[in-house]
Structures are given as C-alpha cells and as structure tokens.
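To start, the structure under review is shown below, and the notes come after it.
The chains referred to below are lettered A, B, ... by the order of the sequence lines, with proteins before strands, and numbering in each begins at 1.
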Amino acid sequence: MHHLVIDRWSRGSSSLHQRDPRAKLAALLVFLIVLSTTRPAAQWAFAAYAIMLIIAVHSARLPILGLAGRAALVLPFSATFALLTWWSGDTLRALALAEKSFLSGMAALLLVATTPLTGWTAALESWRAPRMLILVIQFVYRYLFVIAEQAQRMRWAAVCRGSHKTGGFRLATGLVGVLFARSWQRADGIYHAMLARGFRGRFVPAAPAPFRAADALFFSACLAGCLAVRILL
Amino acid sequence: MSKAIQIRGLRYRYPDGTQALNGIDFHLDAGESVALFGANGSGKTTFVMHLNGLLRGEGSIEVCSMPLSDETLEQIRSKVGVVFQDSDEQLFMPTVLEDVAFGPLNLGLSPDDALTRARTVLKRVGMAHALERAPYHLSAGEKKRVAIAGVLAMDPEILVLDEPTTFLDPPTRRDLLTLLRSLPQAKVVVTHDANLARALTTRAVFFDQGRIAGEGDVIELIQRFHWEYS
C-alpha cells in the first residue's frame, strides 16, 4: 500500500528528514508558488526545478523512481487538461501544465516522504491552519489504512470463492457496500479507543523540536534557489 | 472495602431499538478482579463501554466515588483504562512509542514526560525493543501488549479487558496472563475463556439478555452455567 511505504520512508534519518517540518512546509510553499508562476516558455526553468527535486530526493536517500512513479498518479488528471490545451494549438502551455502538476506532486510527496504525519500536521497547526482541516487529514490518513486493509481481506475472501469466474460489476458493488459498512464500524471502534485514551479533538505532537539555525539555513537556500531559477531562466 | 465501581439500575437501548442492558447492578471493590461471562450479544461489551462513559445509559455510575457526568468524564477516563478486543482498533499512531504516548499527552503531560512514561510501560510489558516499529507490523501478541501499555501509560486504577486472549496462541496467552497477574489494578475481564477467568479473577458475573443472571465465586459460576466446552 502506497501510504505504508511513504510512512516507512518518512522515518528516515537523512539531513532532509531531520529538518524542521515548518521549514520544509515553507520551502514547499515557496516551490509551489514559484513553479505555478513560471512561464510555459521557460522550459529550462522546469528542468532546473526537476534537478533541484532530484538532488533533494538523493540527499533524502529515497528511491527516485518510486517517488516519481507515485507522483505520476496526478498525471491522468492533469493530462486531460493538457490534452485539451494541446488540441487548442498551445503545445508549450500543455507541456507546462503536465510539468507543473508532476513537479508539484513530486514536491508534496517529498515533504510527506521525509516528514512523519504528526510532524507536518503539527507544522500546519503552528501556521494556524483550520483545525478541522488538520483533523480531517489525520483521520483520512488513519482510516485509509483501515479501509485498504479491509478491502484487501474482502478481495482475498472473494478470490478464494472463485470471484474471477463469477465476479463483475454486481460483485464489485456488493463489496463496496459491505466495505463502507464495515469501515464505518471499524472507524467507530478506533474513535472510541481514542476517546477512551483521553482524545479531545486534537492530536498532541509528541516531540516538537526547536527551530534550529540549520532549518533557517535550509529554508533560505530553498528560497534563494527557487527565486534564482524563476528570475534567471 | 472502598468501591472502585458502583453501578445501579443501568439501562441502555441502542438507536435501532435493541435493549442491550436492562437494569444492571454491579460493583467492583478496589484491587478486585471480576470476570464477565455471557453469550455473544448478552450485553457484556455494551456494559463495559459504560464504565468510562463511551456509552451513556440510564441509571447511576460511580467510579472511584465520582459520579459519571460530563464534568467528571475526563477524570474517569484516566482512571478506567479499556483494552479493546481488537488491538487494531486501539493502535492508531504511526509508531509504537507514539501510540503509547498518545494517552499521557492527552492527559496534559509534557512531551518529554509522556515519552518517558511510554518507554517505562513498554519496558514493563516486554516491548521496549519495538519503540520505533509500526504497530500494524507487530504480531497479535505484541499488539495486545502494546495496547495494554497504551492503557497503563495513563496510570489507571481500573483495567477493563474485553476478550484479552482473542486471536492469541496458547504460549502468548500464558505470557499475557503472567503480565496481567503482575498488574496491581482492579480488573473487569470480559471473557469466554474459563481458564483465564479462573487464573485471573476471584468473582464472576453472568450476563444474559442484558441482565445479570448470576454472580459469585468464579469456579462455582463456571459450573453453574456450564461455561466450559470440554
């Protein structure tokens, strides 16, 4: 499961993993702003952004292909709009659209692959992001695992009873319905367990680390690099 | 002897109309261990969900001489530690250490104190080697130990264990029993396992259709209700 792998990646020990989540989140925001405002004609700039990301992935000791493959999941969505743009005759804009969505996905993925969930949601909270939004992110993340596991078990059970012969739309709709009911039940159980251990609507971060000079330096370097590419290329 | 739990006339009806509890009177003395027997659907789990206010029915509930109310809910949840039947429901944080520290952090302990307490209880339950592991990668027995550690980290006075030996193999059951016997807290143990009940508790209560059908010495109750299949 994708999020299990990313969860494992986020527990690494590289220098990028050790940077404060707030610094990484700020760097991501700068990267996204700079990327989204880059002109389609500035193709060298996109190449430079990609190189910056490759360097970051390499320094985080993460598998570049694994990360790129997961980031490519955004392409079917953006490719639709890119194709429409291409058909309207603006090839460069279509290309830039696909590049921007892929690089954005890659950058966001790099953040979550080098920062545990509790770290980057705590960073969001420190930025006064709406608490409800943070709670939704945290619950979705946890329940996603629950639902995926439940779905896998049901699929196995169906396969064991020959679903490959008699399956199809009817079976799929049945599985989805049961999956929804069971997931709701399981999610309810988890919520009860959380309440039983004093949960009051907020995940308390276990170890908020101080913002160090190295974190400020990291952010400054990212800011300078992004601005340099944006202005010069 | 002081009462850890005192319940009078507890009734609970689920939103679908099922009358799950129908006038339960129950008490638990400080330091005592009681087994709850009964067929599936007899109301045992619904009952224990009331002990820390997860469900709220009619009737009066006192925990450590505190009446259960909105005002006392937080205190009571820190005094009554519930270990759920399915450990997967109880383990929801990314690492074992973070999961065990979840409760103490909610109690208001500083992160350093919460992590120290989490490490201490994990050592006590024999899971100190798994601090950074993801809970969903543990074996069933290890998950149960971590779930118990998560509850012990809140320093409860009463432990509620819902089917603690479900999914466990015999050696793991034996290890779990040794661990539970070493814990000084008063215990309410929901179980079908007569061996566990005999080894861990002295008194038993038998649930039937939302009522208490009998209570008394655990061995006598097992015989009276034929609560063994061998």
Hey, could you give me the CG/CZ distance between Leu107(B) and Arg200(A), rounded to the nearest 0.5 Å?
-> 7.5 Å
Heavy atoms only: give me the nearest Asn52(B)-Ala196(A) pair and the separation to one decimal.
-> ND2-CB, 3.5 Å
Phe84(B) versus Ala193(A), closest heavy-atom pair with distance = CE1-CA, 3.6 Å
Within a reach of under 6.0 Å around [atom1] of [X], are more than 12 heavy atoms found that belong to other residues, nucleotides or ligands?
X: Phe211(A); atom1: CZ; result: yes
X: Tyr14(B); atom1: OH; result: yes
X: Gln18(A); atom1: CD; result: yes
X: Arg133(B); atom1: CZ; result: yes
X: Gln19(B); atom1: CD; result: yes
X: His129(B); atom1: NE2; result: yes

Flag side-chain contact, heavy atom, 4.5 Å: Thr118(A) against Met93(B) = yes
Taking C-beta and beyond as the side chain, do Arg11(A) and Thr95(B) meet within less than 4.5 Å on heavy atoms?
-> yes
Sorted by chain and residue number, the salt bridge (charged side-chain N to carboxylate O under 4.0 Å, His left out) partners of Arg124(B) (sequence neighbours excluded) come out as none
Counting distance only, does the side-chain N/O of Arg197(A) pair as donor-acceptor with the main-chain N or O of Asp99(B) below 3.5 Å?
-> yes
What residues of residues 26-34 of chain A sit under 4.5 Å from chain B when only non-hydrogen atoms are counted?
-> none
